[in-house]
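To find a chain, count down the sequence lines: A is the first, B the second, and so on, and within it residues start at 1.
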Amino acid sequence: SATSKRKNQNRNRYTQAQDVTRVSSITDYNSSELKTACRKHELYVSFQDLGWQDWIIAPKGYAANYCGGECSFPLNAHMNATNHAIVQTLVHLMNPDYVPKPCCAPTKLNAISVLYFDDNSNVILKKYRNMVVRACGCH
Amino acid sequence: GTLVDRRSSVDSGFLYRRLKSHEKREMQKEILSILGLPHRPRPVHGLSPAQLNQPAKLNSAPLFMLDLYNAMSGQDQGMDLKDWSHRATLHSHQLKVKSLLGSHLGSVQDSAFLSDADMVMSFVNLVEHDKELSPRLWHHREFKFNLSQIPEGEAVTAAEFRIYKDCVLGSFENQTFLISIYQVLAEHRNRETNIFLLDTQTVWASDEGWLEFDITATSNLWVMNPRHNFGLQLKVETKDGRNVNTKAAGFVGRDGPYDKQPFMVAFFKASEVHLRTTR
């Protein structure tokens with residue numbers, strides 16, 4: 001409780017521009033945790049490697065990305081944590097065997113367009129929403 | 001090797017391994033599912049590596065679509081189909097005739113007509129030989145497109161038939177042609193085909209470029225009732241009503257260059273929410 005009070009006071013004092021500093025100060029006392037903290041990881045899905053270049057005209061692949069890492073206090077170390085993630089973490093701390101931590105999941109997703117042949121050699125250009133992870137957060 | 005993590009394995013805390021072949025198949029199935037496809041398409045005339053490197057060897061329909069795709073690549077992913085079609089119109093070397101897409105964009109900026117579309121599809125002409133070799137159909141040319149495999153829940157919002165016209169001079173110098181496009185309603189062995197006039201356009205014999213005809217209503221009918229799809233007919237007449245052979249009028253057919261083959265293009269909008277099936 002004392003820690004969270006102090007943290008809140010600090011939060012009020014800092015401006016938006018100092019966000020980076022705040023994150024790095026947290027890093028100092030718990031750097032190992034930040035290494036596994038929830039963040040976006042790069043992952044490229046190659047249509048060429050899948051052997052699909054005879055029917056997918058474009059693109060050759062896309063940077064799908066994924067979210068990985070742990071969601072634990074202090075949650076402000078994790079970008080885009082939801083308010084409810086705090087409650088979820090509290091309940092997890094009280095009952096770790098039964099209640100899981102918040103999930104590290106996408107908060108911003110982008111679309112991609114795929115150009116491909118169908119069985120009849122007709123060509124389809126389709127926009128697929130929510131295919132690329134732009135940002136991750138704790139939910 | 002299918003999924004490549006660009007970050008080092010130590011940095012992300014994972015150790016990576018190559019997928020086993022059955023795992024790769026499962027992965028392929030899942031990616032197909034994400035793309036909303038029941039199976040991997042096996043196009044009869046798929047792409048060879050040579051074609052990929054030489055767009056000139058591509059047919060007009062994939063070329064048109066590639067043009068649409070390239071026009072929007074590099075742009076913000078939020079760009080909608082209204083912008084795609086606008087760019088396609090700019091790239092298509094069309095004649096002075098107003099196209100369906102072009103006229104919509106020109107007149108109604110805030111029209112939801114195209115911005116609502118979420119898929120564009122081009123169809124290759126399935127008629128193997130131009131029927132104008134037959135004396136009875138000397139002045140007609142037929143076109144057929146397979147619209148039976150439209151993904152479920154997609155409705156046509158606009159459709160165009162596109163045909164390339166070369167410049168013809170000689171005996172047709174300073175002449176205009178009346179081009180009529182008909183929907184074939186029924187075919188009979190011993191009597192005339194039942195046809196319905198869809199659109200007409202007047203062009204100069206010297207005109208050269210893509211002609212575009214609005215076939216939205218017909219396409220909708222074909223998607224709903226594939227059995228009613230008997231194709232289209234094209235007829236060319238001079239100003240004084242004389243029939244003209246379509247080839248003589250400069251219309252490119254099956255024996256013409258790949259990149260000038262006739263095709264149709266349709267814009268679709270998802271009419272329902274897709275729920276993935278449990279696997």
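- Here the closest heavy-atom approach between residue A:N122 and residue B:F123 is recorded as OD1-CA, 3.2 Å.
- Contact detail for A:L115 and B:M65: the closest heavy-atom pair is CD1-CB, 3.6 Å.
- Sorted by first and then second residue, the pairs that involve residues 81-103 of chain A and meet salt bridge (charged side-chain N to carboxylate O under 4.0 Å, His left out), not counting sequence neighbours, are A:E70-A:K101.
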Residues A:L125, B:M121; criterion side chain to side chain contact (heavy atoms under 4.5 Å, CB included); working and verdict
CA-CA 6 Å; A:L125 175 57; B:M121 198 165 168; over 6 Å; no

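- A:L50 and B:Q28 make their closest contact through O-NE2, 2.9 Å (heavy atoms, listed as atom of the first residue, atom of the second, distance).
- Residue B:L147 does not touch chain A at all, counting heavy-atom pairs closer than 4.5 Å.
- A:P59 is listed as a side-chain neighbour of B:Y69, based on a closest heavy-atom distance under 4.5 Å.
- Pairs passing the salt bridge (charged side-chain N to carboxylate O under 4.0 Å, His left out) check and including a residue from residues 103-119 of chain A, sequence neighbours excluded, do not occur.
- Of all heavy-atom pairs between A:Y128 and B:L35, the closest is OH-O, 2.7 Å.
- Crowding of A:N95 atom CG: a count of heavy atoms from other residues, nucleotides or ligands under 6.0 Å exceeding 12.
- Residues A:F117 and B:P41 approach most closely at O-CB, 3.4 Å, considering heavy atoms.
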Test side chain to side chain contact (heavy atoms under 4.5 Å, CB included) on A:D54 and B:R40 and set out the steps.
CA-CA 11 Å; A:D54 62 329; B:R40 172 204 197 286; 2.9 Å; yes

